[in-house]
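These notes are about the structure you will find just below.
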Amino acid sequence: MQDQPFNGSLPAQATDVAARWDIFYWFLVGVSVFFFVLVVGLMIYFIIKYRHRPGRKAKYITGHHTLEIFWTAVPTVLLMIIFAWGWVVYRDMVRAPSGAMEVRVTGKQWLWEFQYDDGRTLVGDLFVPVNTPVKLIMTSTDVLHSFFIPNFRVKQDVVPGMYTTVTFEATIPGMHQVYCAEYCGGAHSGMLGRVIALKPDQWNDWKRGKEIKLAGLDSPAGTGGSEPAAAGGGGQKGASPLVTQGKKLMAAKGCVACHSDDGSKKIGPSYKGIFGSTEEMADGTKVEVDENYLREAILNPQAKIVKGYEGVVMPPFQGLLSEDELAALIAYIKSLK
Ligand code: CUA
């Protein structure tokens with residue numbers, strides 16, 4: 001990224017969120033410098049002004065209400081501003097706009113695996129189109145990892161047993177380094193990846209299975225990564241391979257005995273239209289059906305019982321499905337709008 005403008009000590013700003021984080025960062029630096037100078041400056045001034053001199057007796061001061069209110073109120077307001085500002089940018093980092101392109105990310109000791117809707121799975125390289133929102137749905141097969149793209153100012157823990165998400169919209173085409181930012185064992189520092197942001201024509205080529213020549217980059221796709229499956233994935237009509245795999249699994253694992261995909265009521269709730277809906281549980285609580293809810297409902301069905309299905313027992317699938325199979329099942333349920 002040597003051809004990009006220098007931004008203080010910070011890496012390139014390859015998303016809009018990156019620029020917003022940087023403004024926030026410089027605000028924090030500014031506030032810190034201001035108070036450092038104020039506090040240390042006054043301290044030095046007082047040390048000199050009120051130093052011990054013969055014949056001068058110190059005053060005994062027990063308190064000063066106005067001053068105390070002032071130094072409580074100002075930091076409180078300042079910290080609330082910092083909280084609200086940080087929260088607003090954070091929210092835009094983790095919550096994807098609807099219609100974002102989804103890629104599933106699996107962290108494992110010690111590599112990153114990227115799984116696309118069309119069934120392609122790449123190790124180490126994440127190809128994305130520029131100026132397109134991308135949502136990463138991430139999990140880990142072993143320990144805690146953290147997915148970090150410095151150029152995008154995007155970082156999120158990757159946790160075994162649940163999904164976490166981040167979203168970004170790359171604005172600079174080219175290669176962006178990915179790090180693991182959570183110590184995860186011996187080869188933690190080698191748990192690297194690359195985001196390769198492609199211009200629209202390159203992206204279309206890549207989707208058609210063409211190899212992408214990355215001009216100006218030392219090594220083209222191939223840092224331990226499996227090559228994208230050549231051709232084959234052409235037409236966009238019909239279900240994606242991941243959805244098809246999910247549908248097959250539904251039959252193979254016996255799910256279809258109790259769950260329909262057309263809205264009709266069997267022993268359990270139908271999958272149709274369930275994703276994104278809000279369901280009422282037997283105990284009256286309302287739950288939004290997202291990836292994490294579906295994950296729990298498959299692996300540990302007794303954790304939350306949907307109202308009207310009390311007493312219905314579904315076997316837990318904990319330990320019986322791989323992360324890839326689980327991703328396919330969830331993709332299938334999501335496809336049933
Ligand atoms: Cu994975 Cu550190």
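These numbers come from a predicted model, not from an experiment. Numbering of ligands and ligand atoms starts at 1, following listing order.
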Return a table of donor-acceptor pairs under 3.5 angstrom between the side chains of residues 84-91 and protein atoms on other chains or two or more places apart.
none

Identify every side-chain donor-acceptor pair in residues 278-289 under 3.5 Å, counting partners at least two apart or on other chains, and give the distances.
from	atom 1	to	atom 2	distance (Å)
Glu279	OE2	Ser277	OG	3.1
Asp283	OD1	Thr285	N	3.1
Asp283	OD1	Thr285	OG1	2.7

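The aromatic rings of Phe27 and Phe24 lie parallel to each other, their planes meeting at an angle below 30°, with 60° marking the opposite boundary. Taking the six-membered ring where tryptophan is involved, the planes of Tyr116 and Trp203 are tilted, since the angle between them lies from 30° to 60°.
With respect to the salt-bridge test (charged N to carboxylate O, under 4.0 angstrom), the residues Arg104 and Glu291 do not qualify.
With waters left out, the protein N, O or S atoms under 2.8 Å from atom 2 (Cu) of ligand 1 add up to 4.
In the hydrophobic clustering (ILVMFWY side chains linked at under 4.5 Å, chained through shared members), Ile61 stands by itself.
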